[in-house]
4 protein chains.
Amino acid sequence: MKALVYKGPGQKGWEEVPNPTIQQSTDVIVQMVATTICGTDLHILKGDVPEVQVGRVLGHEGIGVVTEIGAGVTRLAVGDRVILACVSSCGRCSYCRKGIYSHCLDPEGMAGIGWIFGYMIDGTQAEYVRVPFAENSVYPVPEGMTDAEGILLSDILPTGFEIGVQYGRVNPGDVVAVIGSGPVGLSAVMTARLYGPSKVIAIDLDNARLARAKDFGATDTVNSGDPNWRDQVLALTDGLGVDVAIEAVGVPETFTMATVLVRPGGNVANIGVHGKSVDLALNELWIKNIDISMGLVNTNTLGMLLKLVAEHKLPADKFVTHEFSFDQMLEAYDVFSNAADHGALKVLIH
Amino acid sequence: MKALVYKGPGQKGWEEVPNPTIQQSTDVIVQMVATTICGTDLHILKGDVPEVQVGRVLGHEGIGVVTEIGAGVTRLAVGDRVILACVSSCGRCSYCRKGIYSHCLDPEGMAGIGWIFGYMIDGTQAEYVRVPFAENSVYPVPEGMTDAEGILLSDILPTGFEIGVQYGRVNPGDVVAVIGSGPVGLSAVMTARLYGPSKVIAIDLDNARLARAKDFGATDTVNSGDPNWRDQVLALTDGLGVDVAIEAVGVPETFTMATVLVRPGGNVANIGVHGKSVDLALNELWIKNIDISMGLVNTNTLGMLLKLVAEHKLPADKFVTHEFSFDQMLEAYDVFSNAADHGALKVLIH
Amino acid sequence: MKALVYKGPGQKGWEEVPNPTIQQSTDVIVQMVATTICGTDLHILKGDVPEVQVGRVLGHEGIGVVTEIGAGVTRLAVGDRVILACVSSCGRCSYCRKGIYSHCLDPEGMAGIGWIFGYMIDGTQAEYVRVPFAENSVYPVPEGMTDAEGILLSDILPTGFEIGVQYGRVNPGDVVAVIGSGPVGLSAVMTARLYGPSKVIAIDLDNARLARAKDFGATDTVNSGDPNWRDQVLALTDGLGVDVAIEAVGVPETFTMATVLVRPGGNVANIGVHGKSVDLALNELWIKNIDISMGLVNTNTLGMLLKLVAEHKLPADKFVTHEFSFDQMLEAYDVFSNAADHGALKVLIH
Amino acid sequence: MKALVYKGPGQKGWEEVPNPTIQQSTDVIVQMVATTICGTDLHILKGDVPEVQVGRVLGHEGIGVVTEIGAGVTRLAVGDRVILACVSSCGRCSYCRKGIYSHCLDPEGMAGIGWIFGYMIDGTQAEYVRVPFAENSVYPVPEGMTDAEGILLSDILPTGFEIGVQYGRVNPGDVVAVIGSGPVGLSAVMTARLYGPSKVIAIDLDNARLARAKDFGATDTVNSGDPNWRDQVLALTDGLGVDVAIEAVGVPETFTMATVLVRPGGNVANIGVHGKSVDLALNELWIKNIDISMGLVNTNTLGMLLKLVAEHKLPADKFVTHEFSFDQMLEAYDVFSNAADHGALKVLIH
């Protein structure tokens with residue numbers, strides 16, 4: 001089969017590799033019908049994630065059709081069309097029992113991290129993929145759902161909702177700030193409405209992205225390049241700060257922005273993947289009764305979000321700005337790697 | 001009356017000052033029968049808290065008898081014996097309505113911080129004190145409760161419980177680590193039992209303090225001077241770390257200790273008052289699905305803790321190691337300032 | 001002044017009565033600019049609420065202007081335009097500290113029920129009203145809010161939201177059934193959206209009311225006069241029942257409907273005021289892991305809902321179908337007493 | 001093998017039956033080393049549970065050793081000593097993902113109830129048992145745990161804790177009443193301490209049982225045969241009622257007792273298995289802001305309780321009053337059926 005293979009820092013190929021086979025009784029094999037590219041894939045390609053071995057098939061998002069099932073699989077059948085969660089879950093360890101699939105203790109190859117596709121095992125940017133713990137880790141595609149709607153459910157939509165909105169404990173009436181209007185930030189903007197906020201303020205350096213944030217549900221926008229950006233945000237509150245500040249970039253500056261926007265008693269929810277430590281002003285913050293959360297997506301809300309997307313309550317397909325076929329995988333990477341030039345958000349390969 | 005007066009950095013006196021008088025209709029005047037000294041008072045005396053003006057009477061903890069009431073006070077009467085919460089609460093602002101008294105919007109002299117005694121207004125190390133918002137900020141002393149039991153309820157016991165145990169979301173069966181075995185750390189150790197943990201591990205550099213922590217309810221102790229202290233703590237868990245790590249010191253090193261002890265999905269609860277920022281390893285922590293809380297005590301659990309102390313479910317009087325009369329105030333300061341030499345924990349002045 | 005006076009079962013008058021005066025230092029006097037009539041007022045007039053004394057001024061909802069303040073009132077001033085909460089709250093008892101204002105221990109005339117207007121003390125269907133514990137029980141009207149928007153915040157909107165939606169613990173993705181499409185049921189329909197449900201099913205016997213429910217945000221409707229009404233509701237779920245069943249009528253039949261609609265693990269939230277006991281099929285329900293909640297409104301979310309109405313996130317004025325002047329009070333009662341004939345929902349008297 | 005077989009209403013035998021065999025890839029076979037008898041088994045024997053077929057092996061509690069594993073089982077091995085949860089859980093349906101194992105959608109023979117042992121499939125009062133979904137439904141016995149400690153974890157201890165204490169939302173400082181001092185009531189008494197209540201009041205008609213309740217941790221006892229039993233309970237509160245009333249009997253009278261003891265804002269937690277409907281005084285209760293919960297145990301806290309028992313934080317072996325060998329099964333039934341005569345609580349068969 002053909003797959004997108006990591007060939008060392010800066011190098012990749014759409015190449016012929018052996019087809020995957022069942023290895024555990026709880027595995028299934030899925031023929032991919034749609035996949036996409038994530039910022040994390042770009043990080044891996046740069047060589048920033050040294051634990052990824054040369055030869056690894058990348059990708060952790062996708063929709064496909066089951067072609068083979070392991071001996072222990074009773075609820076899935078060949079021919080089922082399914083969405084793959086980006087996080088694998090054994091369903092029986094102490095973490096999975098609490099819904100913290102991100103720290104499943106049982107996946108192959110790596111103890112204690114549920115994300116393994118395109119990382120510790122071969123991923124979804126391929127014609128076929130082996131799916132471990134399949135019964136706990138895939139979801140049937142509802143009748144009539146398009147690939148453009150479904151592909152967001154693997155990762156982006158749950159990430160914004162779980163790690164931004166839920167970890168940030170958005171409540172009805174809250175003023176929410178979302179720093180960063182990339183795919184994950186926009187996912188937080190779109191799903192924040194599920195908890196009835198009074199305002200969702202998108203913050204970014206790029207006015208084009210801010211305009212798009214409005215289309216995704218932001219009620220207000222602030223360009224953080226403006227010297228008085230903080231005052232602009234506070235003016236949208238009662239002057240004390242936002243109830244919830246969601247960080248969706250992953251650099252020290254934006255994390256600090258979140259901590260200076262949050263009101264006493266409020267929450268900072270970090271979604272960003274950070275490469276450096278940050279300076280936390282505990283000398284000022286210790287007295288503010290705030291809470292700082294962070295984490296990898298669990299996909300424990302995937303089933304619920306799937307239902308809302310199927311009922312057209314969340315317009316997930318808005319994220320897809322470009323479409324490609326599987327044999328255009330390298331072009332898809334080109335466009336996504338230069339997202340700003342192309343006005344790209346998510347690319348759908350199907 | 002006599003009172004302990006701040007006279008500038010490094011200087012204090014037990015001096016004659018004017019008696020306080022009713023200023024707002026919601027005030028009462030209380031004649032103090034017991035007070036104590038807090039680490040914060042020592043910070044102020046060093047000059048570390050520049051917003052405290054010369055001439056300020058210090059102290060924010062105490063028990064006393066009501067001697068005069070404002071025109072708007074209907075539930076308290078002259079002669080009532082009451083415990084003063086260290087935090088003042090108007091009871092009607094949006095923060096007070098949520099129980100976040102620490103950020104009451106309405107106290108005099110300072111918007112948005114409920115702690116004002118011995119800080120923005122004259123405090124409790126005095127023969128008399130004016131108590132603002134008295135009906136929301138004092139609690140009747142139950143029949144038979146001693147001063148040594150009651151004095152802890154002003155600040156220390158609620159602080160360890162609310163900011164350590166509750167903000168840390170201790171649950172039945174949890175393994176809890178408490179870093180620092182001073183009064184606030186020991187309060188977290190003692191009150192953690194209210195949520196049924198399986199283990200409470202006290203961590204400190206001083207073996208004498210660790211021995212005392214066992215007496216306060218620690219099931220295990222680890223001396224953090226040992227090079228393998230982290231391994232010792234992990235060995236008391238399933239190897240993944242503690243469910244809740246409570247910081248009760250207030251320096252960068254101990255905060256970092258908490259972040260390296262906590263397991264994925266766990267909580268770090270910072271109680272310590274910090275004078276410096278800390279380096280937060282978000283590059284390692286972003287993926288751990290942890291939560292970091294912090295804050296000033298609300299005293300919203302004071303009434304509940306009072307009930308448990310009155311029923312001898314929490315041996316609060318264990319904290320009192322030394323007793324003084326009011327005219328020995330300066331001696332009391334000497335002992336508390338050199339707590340290690342005297343084996344002092346809390347001093348009771350009554 | 002003129003007021004609507006209860007003169008015994010079946011009898012009322014719009015009559016001259018003495019003006020109210022300040023009685024406690026925490027009182028204010030308010031000149032009413034808008035009020036409305038509640039189903040509870042009709043019950044009282046029938047004589048169903050024997051503790052209401054002859055001569056009582058009815059009404060517990062309203063907007064007005066402060067004309068006089070007690071000696072202990074510091075935050076309100078003469079001339080302030082305010083919404084009166086239907087429940088009075090002292091702000092300092094153990095119930096008020098938890099936000100359970102419905103069971104405030106301190107109101108005058110009646111221990112342990114926060115609802116006293118038009119019940120234990122004179123109410124709001126009058127030119128002037130005395131408001132106890134005013135600083136905790138009134139909310140400033142935001143600039144630009146109309147009477148028709150504000151009047152719903154005294155009671156109806158918080159009741160549907162707190163006792164229906166919040167006590168019923170509606171979560172994103174839930175299927176919610178609301179039984180009864182009167183004002184309170186429609187309030188639950190309208191405010192359920194604040195927790196992102198996938199479906200809100202209105203259930204009623206009257207198709208005209210069901211049509212209106214759609215306008216208030218119901219996604220589906222079922223006429224409970226249809227013999228297969230239960231099957232129709234279950235067909236809108238996965239077959240197991242609704243996540244949350246909200247009862248908004250107050251008779252045994254509708255309460256039982258809620259218990260047969262709820263899925264295992266779901267919640268029944270009773271808002272209805274019941275005059276009779278009900279037969280609860282514990283023999284069938286004990287195994288269903290459900291939760292049944294009930295209660296009087298706390299109005300602890302009034303401030304939050306006020307913000308959402310002011311920002312046009314909740315179209316509260318939809319409830320007002322008829323308007324009257326104060327001297328048309330008896331006509332307003334006629335219309336509201338025969339709501340079905342007039343298609344009336346809420347009448348605004350201003 | 002030998003097993004306790006239901007032979008129709010009033011009839012049972014300790015008889016030879018075929019050994020169980022693996023039927024699904026997720027099954028294991030366990031050789032029983034300890035089992036016990038539950039009140040539910042007596043109900044089945046009376047014929048009260050018509051869905052149980054003649055020939056069914058009874059019992060849903062037990063400890064055993066794995067002797068055979070299905071093809072899909074990777075985490076359990078032959079020779080593992082395990083505790084069987086009384087509820088079977090597939091670990092992948094929407095209910096299991098939320099920890100509501102009691103309503104697992106996937107068990108064999110019966111959709112939507114996780115309890116199947118000794119009910120829909122053969123149970124644990126036998127030499128061998130087939131365990132469906134074994135990896136999600138059994139727990140390794142820790143080194144050094146006795147049968148008398150472990151046997152309580154299958155059902156009784158989780159039932160009292162989850163359905164009584166957790167569903168009743170016991171909080172630190174609460175006054176808790178537990179009605180009924182049989183095994184499940186005593187389990188609620190014992191495990192209530194995990195949430196730090198100020199008082200646990202045991203209520204029963206039998207003074208011998210009340211004396212035992214004190215030994216299990218009750219702080220107070222009230223004999224409900226006393227005409228003024230309610231006043232006695234209220235006198236142990238502030239006069240307003242208990243925070244949490246736990247029903248552990250299963251008849252209308254005791255359920256009603258719970259509703260008249262609970263304070264406004266409190267919780268009624270029903271554990272009892274009811275054979276009749278009850279009259280619920282909604283006309284009095286609708287205004288009380290209470291919550292009534294009920295349900296079948298989920299055993300989702302079994303792992304946590306196991307840890308506390310292993311660390312001797314919960315003296316589970318107190319429940320075992322009589323011990324038998326497997327070939328004394330019928331004698332064990334005799335003693336348990338006449339528990340009052342023998343002072344029996346739980347019988348251990350091993």
Side-chain angles (χ1 to χ4, degrees), chain A residues 99 139-140 142-143 153 157-158 160-162 164-176 187-201 217-220 236-240 242-243 263 265 299-316, chain C residues 99 139-140 142-143 153 157-158 160-162 164-176 187-201 217-220 236-240 242-243 263 265 299-316:
Chain A
Y139 292 77
E143 195 71 34
L153 288 158
L157 219 52
F161 182 63
E162 295 173 13
V165 178
Q166 288 196 322
Y167 276 21
R169 288 178 239 159
V170 175
N171 268 305
D174 278 359
V175 178
V176 179
S187 165
V189 167
M190 181 184 279
T191 58
R193 80 173 66 157
L194 298 179
Y195 286 104
S198 65
K199 289 191 181 128
V200 178
I201 307 166
T219 57
D220 302 270
L236 294 166
T237 74
D238 56 4
L240 294 173
V242 301
D243 297 283
R263 72 197 284 112
T299 67
N300 65 314
T301 66
L302 198 162
M304 184 279 285
L305 293 168
L306 181 65
K307 193 164 67 159
L308 289 176
V309 172
E311 292 175 0
H312 308 294
K313 294 284 194 309
L314 289 174
Chain C
Y139 293 76
E143 196 72 33
L153 288 159
L157 219 53
F161 181 63
E162 296 172 13
V165 177
Q166 287 196 322
Y167 276 22
R169 287 177 240 159
V170 174
N171 268 306
D174 278 359
V175 178
V176 178
S187 165
V189 166
M190 181 183 279
T191 58
R193 80 172 67 156
L194 298 179
Y195 287 104
S198 64
K199 290 192 181 127
V200 178
I201 308 166
T219 57
D220 301 88
L236 293 165
T237 74
D238 57 3
L240 294 173
V242 301
D243 296 284
R263 72 197 284 112
T299 67
N300 65 312
T301 66
L302 198 162
M304 184 279 286
L305 293 168
L306 181 64
K307 194 163 63 160
L308 289 176
V309 172
E311 292 176 0
H312 307 294
K313 294 283 195 308
L314 288 174

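The figures here come from the full heavy-atom set of this structure, side chains too, leaving out hydrogens, waters and symmetry mates.
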- Item | Toward chain C: residues of residues 299-306 of chain A with heavy atoms under 4.5 Å | A:M304
- Counterpart residues, salt bridge (Lys or Arg N to Asp or Glu O under 4.0 Å), relative to C:K199 (two or more places apart): A:E311
- Task: Using heavy atoms and a sub-4.5 Å threshold, report which of residues 165-174 of chain A line up against chain C, by residue number.
- Result: A:N171, A:P172, A:G173
